[in-house]
**Student:** 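Sharing a structure with you now.
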Amino acid sequence: VSSEREFDVVVIGAGPAGEVCAGRLGEHGLDVAIVEQHLVGGECSYYACMPSNALLRPAEALAEARRIPGAAEALTGALDVRAVLERRDEVIHDRDDAAQLPWLEKRGVTVVRGHARLEGERAVRVGDELLRSRRAVVIAVGTEAALPPIPGLREAQPWTNRQSTTAEDVPARLAIIGGGTVGVEMAQAYASFGSAVTVIEAAPRVLLREEEFAGELVCAGLAERGVLVLADTKVTAVRREQPGREVRVELEGRDDVLADEVLAAVGRRTLTSDLGVDALGVEPGRPIPVQDTLQVAGHDWLYAIGDANGRALLTHMGKYQGRIAADRILGRDDARVRPLSDGALSPRVTFTDPQVAAVGHTLASAREAGLRVRCVDVETSASAGGSFYGRGAPGTTRIVVDEDRRVIVGATFVGAEVQDFLHAASIAVVGEVAIDDLWHAIPSFPTRSEVWLKLLEGYGL
Ligand SMILES: Cc1cc2nc3c(=O)[nH]c(=O)nc-3n(C[C@H](O)[C@H](O)[C@H](O)COP(=O)(O)OP(=O)(O)OC[C@H]3O[C@@H](n4cnc5c(N)ncnc54)[C@H](O)[C@@H]3O)c2cc1C
C-alpha cells in the first residue's frame, strides 16, 4: 500500500545542516518533514565532532594543568581512560537520539524515519510512502568515510571514524592511514590512551592544506606523545590473515607496520549512491554541485547543503548553509553564501595539542589566488596572558595581509587551546576590517588575545 503526504519542504538527512534548515523553516511557520535513516543529529553528534572532542579534551586539560606550577603538583595519577570513554558515551547519548527530538518538535518539524530517495520533481520516496513538497526539497545527506583502493584494505575490516570515535576498548597498536585533521586528532587521542600509534601520510607533511609550521608543530606534539609519523609514505597493501588477528600495513620503501587496528582517515564519500540523483548527472559518492544560492542549477526546487555539496566538510559550515537555504526558501532572494565565508577559506580547527585554528588564506593559497600579500609571524604565547594559560607551550601565529587593500585575508593560530582565538580573526577577515582600524580594537590585559598587538606591531603599526 502506498500513501502520500504533502509538506511545504522535505529535508533529507537530519545531521546539523538538515536540522538547522528544517528548524529555521519551522520557526517561520512552514510545514516541514525531515527524513532520517539512522540517528537524528547526524555524523557530527555520534561519530565525529562531539565524540572526538570528548576523547581529546581530558588529556588536553591534563597537559594544561601540567604547565601550571601549583596545579602540576596536584596531578598524581594518569588519565583515567575508562572514565574518558564513559564521558564520551554520555556526550553521544549512548547513540540514542531521543534528546535531539524536542528541538525539532518545538519547531513543528515532522520526523520521518527511513531511507529517502528522490522520485521526480518535488517528490521523495521513503519506503512505501511518497512525500510531496510544495516548495522545495533540501538534500543534507552528509558523507561516510572513503576507503581508498588499497589492496586488502576492505577485507582487513578497517576502522573508520565510526569505530574510532565509539570504541569500547583501546587497541595496543593503532595504524592510521591519513594525516589530515581526523588522522592527527585520533592519533593524539589514542596515544593519550596508551596505544602505540603510527600515522602514515602520502603527502610530505600532515595537515597539508594548513600553513607548513602548523603541520610541523602538530607533528612535534605527536612525537612527544610517542606517535610515529611517516610522511611521504605510501601504503601498498593491507593484510589481516584472520578477523581479530593483527593487521600488516605494507609500505613503499619502508618496513611494514604491524597493528591491532587500522584506521582509514583519507577523506569522505558523499551519500549519493542511492538517492535518485543520477538523473542530475551526479556520480555516486560524489558531492552535488550547487550555486552560491545552494540550489542545484536547472532545478530551482532542489537544494544541497552541508557535506552533501562538498564545499566545506565542517559542521558550522553546514549549519550556515542550512540557514541560507532556509532563508531562500522563505523568499529572501538575496540569501547566498559569500565567497569569503565558504569553501577552503572557512574557519577550521584541528583539536590536537597544540591546536591549529585557521581562517581564510594560508600564505601559499593567498599567493596562488594572485594576492599581493605579506605575512607576520609571532609566538602565540609571548604575552603576559601566556604566563597563565598555555604557559611555555609551543606555538606560532600568522596573519596574512593583503598589501593592496590593507586587510587581513588569513590567520592561523597554533598553540595550546587557541580554538576561541579564531572568531576574532574570522570577523576581521569576513568583515574586511582595515588593519589600521584593528589597532583600535584593544585586547584586555593580561589575556592571550594580546597576540593581536604583537601581530600589528610586527606588521609595522
Ligand atoms: C572524526 C570526525 C571529526 C570531525 N570533527 C569535526 C569538528 O570538530 N568540527 C566540525 O565542524 N566538523 C567536524 N567534522 C565534520 C562534520 O562531522 C561534518 O561536516 C558534519 O557532520 C556534516 O553535517 P551534515 O548535516 O552535512 O551531514 P551528517 O552529519 O553526515 O548528517 C547527514 C544525515 O543524513 C542521513 N542520511 C543520509 N542519506 C540519507 C537518506 N538517503 N535518507 C535519509 N537519511 C539519510 C544520515 O544518516 C545522517 O544522519 C568531523 C568529521 C569526522 C569524520
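Order of appearance sets the numbers: ligands from 1, and atoms from 1 within every ligand.
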**Student:** Please give the N or O to N or O pairs under 3.5 Å between ligand 1 and the protein, distances rounded to 0.1 Å.
**Tutor:**
from: ligand 1; atom 1: 11 (O); to: Thr315; atom 2: N; distance (Å): 2.9
from: ligand 1; atom 1: 11 (O); to: His316; atom 2: ND1; distance (Å): 3.3
from: ligand 1; atom 1: 12 (N); to: Thr315; atom 2: N; distance (Å): 3.4
from: ligand 1; atom 1: 19 (O); to: Asp307; atom 2: OD1; distance (Å): 2.7
from: ligand 1; atom 1: 19 (O); to: Leu313; atom 2: O; distance (Å): 3.4
from: ligand 1; atom 1: 19 (O); to: Leu314; atom 2: N; distance (Å): 3.1
from: ligand 1; atom 1: 19 (O); to: Thr315; atom 2: N; distance (Å): 3.4
from: ligand 1; atom 1: 21 (O); to: Cys44; atom 2: N; distance (Å): 3.4
from: ligand 1; atom 1: 25 (O); to: Pro16; atom 2: N; distance (Å): 3.2
from: ligand 1; atom 1: 25 (O); to: Ala17; atom 2: N; distance (Å): 3.0
from: ligand 1; atom 1: 26 (O); to: Asp307; atom 2: N; distance (Å): 2.9
from: ligand 1; atom 1: 29 (O); to: Glu43; atom 2: N; distance (Å): 3.0
from: ligand 1; atom 1: 34 (O); to: Val141; atom 2: O; distance (Å): 3.4
from: ligand 1; atom 1: 41 (N); to: His115; atom 2: ND1; distance (Å): 3.3
from: ligand 1; atom 1: 41 (N); to: Ala116; atom 2: O; distance (Å): 3.0
from: ligand 1; atom 1: 42 (N); to: Ala116; atom 2: N; distance (Å): 2.9
from: ligand 1; atom 1: 44 (N); to: Gln37; atom 2: N; distance (Å): 3.2
from: ligand 1; atom 1: 47 (O); to: Glu36; atom 2: OE2; distance (Å): 2.6
from: ligand 1; atom 1: 49 (O); to: Glu36; atom 2: OE1; distance (Å): 2.8
from: ligand 1; atom 1: 49 (O); to: Glu36; atom 2: OE2; distance (Å): 3.0

**Student:** For Trp159, does the six-membered ring have the charged nitrogen or CZ of Arg162 within the cation-pi criterion, i.e. under 6.0 angstrom from the centroid and within 45° of the normal?
**Tutor:** no
**Student:** Quick one: do the Thr397 and Thr380 side chains pair a donor with an acceptor below 3.5 Å?
**Tutor:** yes
**Student:** Only counting residues at least two apart or in another chain, list the ones meeting ring pair (Phe, Tyr, Trp, His ring centres under 6.0 Å) with Phe193.
**Tutor:** Tyr190
**Student:** Identify, with sequence neighbours excluded, every residue that meets salt bridge (Lys or Arg N to Asp or Glu O under 4.0 Å) alongside Arg113.
**Tutor:** Asp97
**Student:** Within a strict 4.5 Å, meaning less than it, do heavy atoms of the Ile12 and Leu275 side chains meet?
**Tutor:** yes
**Student:** Test of understanding: with ring pair (Phe, Tyr, Trp, His ring centres under 6.0 Å), list the residues that count as partners of His38, not counting sequence neighbours.
**Tutor:** Tyr47
